[in-house]
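Sequential numbering from 1 along the given sequence is applied to the chain's residues. Computation of the quantities below employed the complete heavy-atom set of this structure, encompassing side-chain atoms and omitting hydrogens, waters and symmetry-equivalent molecules.
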Amino acid sequence: MSNIYLPWNASKARQRDAERARQNRTEIVRELSWGRVSRRDLIKWGLFTSAGMLAPIGGLNPFVGTASARSDDDETRTPRSPLFGVKPFTQPMPRVDVLPRNAVSSLTPYPQAYANETLMPVDRLLGGGYGPIEGRPPGSVWAHQRWDEFPPGACVETTQSPATTNYRYDPQVASSLNSGIDPAQGMPVRFHPSLPNQNPSSVWTFNGTIPPKLVQARYGEPLLFRHHNGLPADVRQNGGFGRHTISTHEHNGHHGAENDGFTGAYFFPNQFYDYHWPIVLAGRFSMNTGATDRMASTPDGGGLINVPGDWHETMSSHWFHDHMFGFTSQNVYKGNVAMLNIYSGLDRGNEEIDDGVNLRLPSGSAKDWGNLDYDVNLLLADKAMDRDGQQYFDIFNFEGFLGDVMTTNFAYNPYFEVERRKYRFRILNTSASRFFKVALANASGAAQPIIQIANDGNLLPAPVTLLALDEQGTAERYDIVIDFSNYLVNEKLHLVNLCEHEDGAIPAKDLSMARALSGSSPDPCVGRFLEFRIVREPAKPDVSRVPGVMIPNPDLSQIPVARVRTFVFGDGADQKGRNPITALFGPWGISTGDSEKLNADYGRISAAPRFGTREVWRLINDGGNWDHPIHIHFEEGQILARNGSASNVPKWERGRKDVYRLRPDGSVTITMQFRDWGGMFMEHCHNTVHEDNAMLLRWEINGGGEPFLRPLPTPIPTPQGVTFEDPTFEKRT
Ligand SMILES: [Cu+2]
């Protein structure tokens with residue numbers, strides 16, 4: 001299939017046909033998201049082929065009975081999103097909105113180890129009667145592990161809500177460092193001031209507002225994240241996509257499974273869920289337990305407090321997002337995405353403090369830790385809009401969803417004003433399916449050096465200077481430093497996307513800078529997407545550094561490999577589960593090596609590594625026509641080999657990671673440890689469309705007894721309370 005968006009110059013007739021087909025697909029997505037039709041119905045009606053692809057039937061609309069028998073490849077294409085004449089680089093990029101950290105005593109009711117089973121009336125649309133105020137599964141298995149040892153020191157409270165104007169925008173930096181944006185001006189949810197405001201049903205975000213949110217946490221200070229579900233009880237009030245049940249995954253948090261946002265532990269409108277993020281270094285209970293190593297530390301009062309664990313496991317740039325089974329792609333795309341910066345003695349977000357531990361990365365110095373002046377979160381996403389300019393999603397290509405409007409922090413092609421000094425940018429790919437390849441261009445279009453300092457949540461052993469970053473799959477984070485002192489005041493530079501897609505399964509090609517800037521790519525998301533304007537000399541001399549040594553890898557040489565496992569990522573599985581809407585075919589799937597593709601079923605345990613051990617996992621892509629960014633929850637891994645050889649691992653992948661791009665026909669061999677916490681976790685493709693279509697499995701840390709009971713019962717959430725079922729097992733867990 002060629003590019004999924006029609007070119008601007010397509011004939012009126014083609015545009016009209018494509019628009020009609022798009023509307024028909026929109027209706028089908030809507031009916032599916034409302035639960036009025038099932039996947040089985042769609043197959044029965046011939047809307048899908050047995051491979052799970054949209055059948056090549058023109059303009060079919062089963063709901064109003066206007067089926068016609070035309071066949072036209074263009075009908076699987078989509079008209080371009082309307083931009084209403086808006087030009088790129090005409091709006092400032094808003095920096096992320098920092099969620100307030102409050103005293104835990106501000107929470108009512110007060111959080112507790114076990115789920116709060118206090119009853120409240122349940123909306124008639126959710127079945128009525130009474131149900132618990134907290135959606136976390138009840139009882140000892142889902143109680144917060146080690147709650148008494150890790151009482152929360154701060155809390156963040158937020159509500160998943162339909163789009164609304166932001167009157168509480170707090171970027172935690174002066175307006176002069178935020179391209180002049182006045183945070184007191186209410187900020188409606190829109191991609192540009194000249195584009196339509198989004199309807200409450202089109203966008204659902206944290207607090208219902210933009211910019212996207214940031215939580216700031218530090219090691220040694222457990223955080224209680226109370227997430228309220230403020231979405232409509234009426235499943236139909238969703239603008240045609242998105243599910244009102246949610247489960248919030250702190251992406252690669254090293255926490256107990258009850259706080260991991262398990263795909264089957266979702267909660268309902270009007271409920272909350274208390275996530276307990278202890279924020280500990282991996283190895284917390286087995287290494288440096290006396291907290292004698294100053295490198296393992298957290299900022300406090302201008303100094304350091306030592307913390308237990310392995311400092312080589314220190315993490316920095318995280319994010320959190322929805323993980324609802326079968327609906328993750330829709331919910332994340334709809335706006336359930338935020339970032340989490342974790343601060344430490346090494347990476348404290350203060351560039352001035354010189355204590356022999358602090359790496360002094362670009363950040364600022366006014367506050368003890370967590371300065372954001374020169375440390376900027378960038379959430380990238382490709383979006384699509386319907387004829388009215390409302391956010392639009394189409395699941396009818398199981399290869400993946402591609403938008404045609406590039407956004408940074410929810411803003412269409414914005415500009416960002418910088419001082420003539422070093423900045424850190426934490427780049428996160430939040431797309432459903434799209435890969436990016438980011439480079440920096442000067443005014444004459446020449447590629448400029450970028451210093452990559454981190455990959456996923458982890459500072460690299462050593463910085464790597466590049467003229468273009470690697471392809472960046474969904475959920476991957478690349479932290480970079482750009483030194484604007486190499487340029488002059490009034491110069492402009494641009495971040496450029498070099499990665500061209502024709503479908504959502506795989507990048508079609510990586511373009512040269514000249515080609516990407518030429519405007520000749522049929523992919524609307526190729527080219528310049530963020531403009532840097534150097535507006536002045538730095539307010540203070542830049543004392544930040546990019547040290548030649550950052551965080552060396554943990555030493556695994558003395559840790560035996562308890563087991564080697566193989567996972568093959570391909571197609572041909574079924575999507576199981578008791579939800580008739582999401583159940584049926586894959587078309588994707590994972591197998592554990594010798595067997596057929598496993599069905600996606602979070603009730604089945606497909607691997608059960610023993611607590612306290614280390615394993616080697618081989619992740620294999622069984623096809624050349626797709627790539628998969630594979631995410632394994634819980635603890636950072638190290639890539640040992642690509643396609644069987646350590647020499648194939650590029651320098652920027654030689655730190656720790658939590659997402660592994662397999663590349664076409666490729667394999668990645670990783671090693672990870674299973675320490676500190678227990679319970680059920682997931683492994684899945686982070687192309688969320690693949691994840692929602694059977695490329696997901698459950699694994700479990702097997703402690704052989706308390707506190708990690710085995711087998712752990714599978715939660716069955718209902719608004720009236722959570723029940724449990726016994727899990728099933730893959731034959732060799
Ligand atoms: Cu995939």
Exercise. Does atom CG of Asn625 have more than 12 heavy-atom neighbours, drawn from other residues, nucleotides or ligands, at distances under 6.0 Å?
Worked result: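 No, because the 6.0 Å sphere around CG of Asn625 holds 12 heavy atoms or fewer from other groups.
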Problem set entry | Neighbour count >12 (heavy atoms, 6.0 Å) for atom CZ, Arg618 |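 Not buried by this count: 12 neighbours or fewer within 6.0 Å.
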Do the rings of [X] and [Y] sit parallel, tilted or perpendicular, given the 30° and 60° boundaries?
X: Phe267; Y: His227; answer: perpendicular
X: Phe225; Y: Trp277; answer: parallel
X: Trp319; Y: His686; answer: tilted
X: Phe634; Y: His254; answer: tilted
X: His321; Y: His251; answer: tilted
X: Phe567; Y: Trp617; answer: tilted

Minimum heavy-atom separation for [X] to [Y], with atom names?
X: Pro414; Y: Phe89; value: O-CD2, 3.4 Å
X: Gly335; Y: Gln160; value: O-NE2, 4.4 Å
X: Glu700; Y: Met680; value: OE1-CB, 3.7 Å
X: Phe435; Y: Pro629; value: CZ-CD, 4.1 Å

Please determine whether a side-chain nitrogen of the Lys or Arg among [X] and [Y] lies less than 4.0 Å from a carboxylate oxygen of the Asp or Glu.
X: Asp375; Y: Arg426; result: yes
X: Glu635; Y: Arg656; result: no
X: Glu500; Y: Arg515; result: no

Problem set entry | Test side chain to side chain contact (heavy atoms under 4.5 Å, CB included) applied to Asn621 and Ile630, Leu662, Val668, Asp665, the passing residue |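 Among Ile630, Leu662, Val668, Asp665, the one that satisfies the side chain to side chain contact (heavy atoms under 4.5 Å, CB included) with Asn621 is Leu662.
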Problem set entry | Geometric cation-pi criterion, Lys383 with Tyr333: 6.0 Å, 45° |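 Cation-pi check for Lys383 and Tyr333: passes.
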For this session: Mark yes or no: Lys334 above the aromatic ring of Phe241, with NZ or CZ under 6.0 Å from the six-membered ring centre and no more than 45 degrees from the axis.
Result: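 That pair qualifies as a cation-pi contact.
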For this session: Test His631 against every option in Glu691, His684, His249 by the side-chain hydrogen bond (donor to acceptor under 3.5 Å, both in side chains) rule and name the one that passes.
Result: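 That would be His249.
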For this session: Measure the shortest side-chain to side-chain distance between Asp382 and Arg434 over non-hydrogen atoms and say whether it is less than 4.5 angstrom.
Result: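 With C-beta onward as the side chain, the pair touches.
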For this session: Verify whether one side chain among Thr328 and Asp322 offers a donor that lies under 3.5 Å from an acceptor in the other.
Result: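 Note: Thr328 and Asp322 side chains miss the donor-acceptor criterion.
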For this session: Determine whether the side chains of His255 and His633 contain a donor N or O and an acceptor N or O closer than 3.5 Å.
Result: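 The answer is no; no qualifying pair exists.
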